[in-house]
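Notes follow the structure.
Numbers restart at 1 for each chain; the letters A, B, ... are given by sequence-line order, proteins then strands.
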Amino acid sequence: MVVLEVSPISTEELWSSVSDHWVLGHPPDQGLSLLSAQFGRAVNVRDALNQAMDEELERDERVFLLGEEVAQYDGAYKVSRGLWKKYGDKRIIDTPITEMGFAGIAVGAAFAGLRPICEFMTWNFSMQAIDQVINSAAKTYYMSAGAQPVPIVFRGPNGSSAGVAAQHSQCFAAWYGHCPGLKVVSPWNSEDARGLLKAAIRDDNPVVFLENELMYGVPFDLSEDVLQKDFVVPIGKAKVERRGTHITLVSHSRCVGFCLDAASVLAKEGVECEVVNLRTIRPLDVDTIEASVMKTGHLVTVEGGWPQYGVGAEICARVMEGPAFNYLDAPAVRVTGVDIPMPYAKILEDHSVPQIKDIIFSVKKVLNM
Amino acid sequence: RVLELTGCAASMVASSRSYADFTPEATFDIKKVDLHRLEEGPPLTATLTREEGLKYYRTMQTIRRMELKADQLYKQKIIRGFCHLYDGQEACAVGIEGGITLSDHLITAYRAHGYTLTRGGTVREIMAELTGRRGGIAKGKGGSMHMYTKNFYGGNGIVGAQVPLGAGVALACKYLGNDQLCVSLYGDGAANQGQIFETYNMSSLWKLPIIFICENNQYGMGTSVERSSASTEYYKRGDYIPGLRVDGMDVLCVREATKFAADHCRSGKGPILMELQTYRYHGHSMSDPGVSYRTREEIQEVRSKSDPISMLKDRMLSNNMASIEELKEIDIAVRKEIEDAAQFATTDPEPPLDDLCSHIFANDQPFEVRGATPWTKLTSTS
């Protein structure tokens with residue numbers, strides 16, 4: 001028997017209040033006119049990743065891409081579209097369906113001075129190769145006392161999609177974020193995707209790059225500055241996407257958008273949320289989180305992954321252990337995916353992932369509204 | 001690359017014919033099988049009874065129509081997520097089942113709708129699973145790639161993982177001494193997976209009753225066999241494991257080879273490997289048009305020269321084992337069955353929210369499951 005205790009906000013109420021919400025990454029009060037006022041253009045996340053790889057392949061001959069269907073098929077999700085045509089067999093390599101093997105090969109190439117981008121068609125398949133990611137990539141610089149760096153990027157879509165069921169919907173942010181020696185990033189929008197991928201490719205360390213399939217087609221306006229070839233987003237630095245004073249929402253990847261949507265709804269009731277986009281899972285930008293919590297006194301973390309031993313759990317623990325704890329007016333709380341394997345049926349899947357109403361409900365609970 | 005999937009010329013070796021009666025049984029020449037580490041292979045002829053023929057025809061046609069209906073429903077967005085269709089490969093599923101029994105075991109990868117049917121599932125519950133309804137074979141919780149029946153272990157989403165699983169089932173068969181075996185299927189794309197070679201080794205060491213079957217449909221998603229495999233002789237890839245390469249478009253070839261392989265296993269000789277040369281008409285999945293890495297001409301050629309259902313139909317008609325009208329009636333009956341199933345699949349309600357947290361653990365006390373927020377308390381039942 002299910003006991004559901006949720007806020008009684010109706011769907012109609014919710015949707016009428018988000019009808020003028022965020023447009024292409026800009027808050028509603030700025031309006032569409034801002035888009036034409038800015039230089040630059042709308043780029044979706046897929047194209048942002050594609051352009052970032054293209055530019056880095058051009059910039060550094062040691063960079064190459066390998067993975068399943070990345071070359072002649074243009075990428076299972078078309079993220080590497082056009083790259084094989086431009087760079088050829090040597091730099092864009094189709095592999096057999098053998099993750100453990102090709103991840104190992106990629107790491108070996110990094111040992112010998114190349115800068116591979118190793119694509120997992122989804123991060124679920126990385127489990128077949130996880131030993132190479134952790135034991136061969138993450139730990140080697142340490143074990144060799146600095147003699148052997150591993151400049152590799154592992155990338156691919158992470159987390160839940162739509163109707164792909166239990167074996168294809170897992171979020172790996174917590175698992176990889178657990179391991180010293182790895183950098184783990186999780187972009188939300190096109191600027192994140194572009195800047196973080198460039199940073200990852202230029203980083204001399206193994207980077208786990210967690211994309212999101214449902215974000216690939218979402219366009220965001222990118223300014224001229226962002227479109228510069230040397231634009232990078234620093235790894236390990238979170239971004240405050242929305243300033244607020246009453247409560248801090250900390251999130252990563254697609255859920256950042258949900259937080260912004262929830263913030264719009266809550267603003268109409270006079271609640272101003274500060275939304276922090278982690279951008280990087282490891283190293284975690286605790287300073288930005290603490291500064292925000294010390295300002296607002298309230299914290300809700302939001303993630304798509306499972307709750308137990310997750311990203312939100314880490315954030316809450318760090319806040320407990322640091323100076324921000326004394327500023328909390330209420331316990332910090334996590335909004336997460338439901339603690340079950342992902343079901344297939346739409347109604348069940350919809351109830352397995354955090355929804356905007358869950359964020360709104362949690363904020364109100366934490367603020368004792 | 002030359003596809004050697006020419007249709008078998010059905011030549012009759014022996015039959016009895018009486019006017020206005022159908023031929024009850026006929027024997028056909030079937031294509032010679034390529035052998036690896038085997039002195040002898042399956043017979044060069046296969047005997048088909050009228051009854052068997054009608055059954056194979058109906059089952060293959062049911063799979064065909066069911067997959068085409070799934071294509072339709074997917075394009076209408078009534079089926080979501082992944083959907084990997086089996087049309088073109090029907091002779092494999094049906095032929096294999098013809099060589100084993102339902103008390104034997106079988107496991108395959110994600111192109112599994114046909115096997116779910118041959119292993120005892122109904123079209124209704126398969127389609128309702130695809131549409132995510134409570135009447136689905138996995139109650140709507142598994143979807144296309146995760147369907148199970150008795151002695152059928154899915155339906156597996158991770159390429160190659162099903163092969164060691166199959167060996168585990170075989171180990172259990174040997175352990176329990178029940179004379180059963182396990183058929184463990186994988187594709188040409190999966191054939192390069194390391195865990196398959198690990199499985200070859202342990203199955204051979206421990207003489208497990210396992211039939212490895214590689215369904216070689218020439219492409220692993222968008223990658224042809226030449227681009228993925230240093231050796232495309234998949235029936236030899238088991239090295240020390242005896243192998244057969246079989247025409248997978250001929251249901252009789254598949255059946256005879258499976259019988260041969262089953263005898264080998266049941267006699268305690270350990271594993272054996274079959275490569276079925278087959279072809280899928282659809283792309284890898286519904287998100288793959290299937291024509292960026294192969295030509296429409298190629299697909300058309302296989303359809304016209306090697307279609308498994310046509311091949312069986314021609315054999316039966318030219319040997320007076322059935323009439324055109326009779327086969328048409330079967331087609332109509334199949335169409336109706338599919339329509340009824342689709343009707344059910346589109347009208348059956350979605351699973352109840354109670355099911356969200358059920359089936360996490362077996363034989364356990366109910367326990368609390370954390371929902372999306374700390375205040376969302378859900379309950380799991382076994």
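Taking the six-membered ring for Trp and thresholds of 30 and 60 degrees, B:His146 and A:His168 have ring planes inclined between 30 and 60 degrees apart.
Counting non-hydrogen atoms of neighbouring residues, nucleotides and ligands closer than 6.0 angstrom, the CZ atom of B:Phe361 reaches no more than 12 such neighbours. For B:Phe197, the CZ atom sits in a packed shell: over 12 heavy atoms of surrounding residues, nucleotides or ligands are nearer than 6.0 Å. The neighbour count for A:Lys346 NZ, taken as heavy atoms of other residues, nucleotides or ligands under 6.0 Å away, does not exceed 12. The neighbour count for B:Lys139 NZ, taken as heavy atoms of other residues, nucleotides or ligands under 6.0 Å away, does not exceed 12. Counting heavy atoms of neighbouring residues, nucleotides and ligands inside a 6.0 Å radius, atom NZ of A:Lys86 exceeds 12 of them. Counted within 6.0 Å of CD on B:Gln76, heavy atoms from surrounding residues, nucleotides or ligands total more than 12; the atom is thus considered enclosed. Within 6.0 Å of atom CE in A:Met369, more than 12 heavy atoms from other residues, nucleotides or ligands are found, so the atom counts as buried in its surroundings.
Only the side chain of B:Gln195 comes within contact range of chain A, with at least one heavy atom under 4.5 Å from a heavy atom of that chain. In this structure, the portions of A:Ala76 lying under 4.5 Å from any heavy atom of chain B include both its backbone and its side chain. Heavy atoms of A:Glu349 lying under 4.5 Å from chain B belong exclusively to its side chain. For A:Ser161, no part lies under 4.5 angstrom from a heavy atom of chain B. With a threshold of 4.5 angstrom between heavy atoms, A:Met127 does not approach chain B through any atom at all. Neither the backbone nor the side chain of B:Ile196 comes within contact range of chain A; no heavy atoms are under 4.5 Å apart. When heavy atoms are compared at a cutoff of 4.5 Å, B:Val159 approaches chain A by way of both its backbone and its side chain. For B:Ser287, the part lying near chain A is the backbone, with the side chain staying farther off; criterion is any non-hydrogen pair under 4.5 Å. Only the side chain of A:Tyr77 has a heavy atom closer than 4.5 Å to any heavy atom of chain B.
In this structure, the separation between CZ on B:Arg370 and CG on A:Asp339 is 8.5 Å, given to the nearest 0.5 Å. How far OH of B:Tyr293 is from CD of A:Gln72: 12.5 Å, rounded to the nearest 0.5 Å. Between the CD atom of A:Gln128 and the CD1 atom of B:Ile158 there is a distance of 7.0 Å, given to the nearest 0.5 Å. Put simply, CE on A:Met121 and CE on B:Met221 are 4.0 Å apart, with the number rounded to the nearest 0.5 Å. Distance check: B:Asn192 CG to A:Thr95 OG1 gives 10.0 Å after rounding to the nearest 0.5 Å. Annotation: the span from B:Arg133 atom CZ to A:Ile347 atom CD1 amounts to 10.5 Å, rounded to 0.5 Å.
No side-chain heavy atom of B:Thr223 sits less than 4.5 Å from a side-chain heavy atom of A:Tyr73. Within the 4.5 Å cutoff, side-chain heavy atoms of B:Arg227 are placed close to those of A:Asp94. Taking the side chain as every heavy atom from C-beta outward, B:Thr373 and A:Val333 never approach each other to under 4.5 Å. Taking the side chain as every heavy atom from C-beta outward, B:Leu356 and A:Ser352 approach each other to under 4.5 Å.
Under a 3.5 Å cut-off, the side chain of A:Tyr344 and the backbone N or O of B:Ala138 do not form any donor-acceptor pair. No donor-acceptor pair under 3.5 Å is formed between the side chain of B:Glu350 and the backbone N or O of A:Leu348. The closest donor-acceptor contact from the side chain of A:Gln167 to the backbone of B:Asn156 lies at 3.5 Å or more, if one exists at all. A donor-acceptor pair under 3.5 Å is absent between the side-chain atoms of A:Gln355 and the main chain of B:Ala372, judged by distance alone.
Interface summary for chain B: among A:Pro307, A:Ala345, A:Ala166, the most heavy-atom pairs under 4.5 angstrom belong to A:Ala345. Between chain A and the options B:Asp288, B:Thr131, B:Ile79, heavy-atom pairs under 4.5 Å are most frequent for B:Asp288. Comparing B:Ser292, B:Pro366, B:Pro374 by heavy-atom pairs within less than 4.5 Å of chain A, the highest count is held by B:Pro374. Across B:Cys83, B:Ser144, B:Gly222, B:Ser228, the residue that shares the most heavy-atom pairs under 4.5 angstrom with chain A is B:Gly222.
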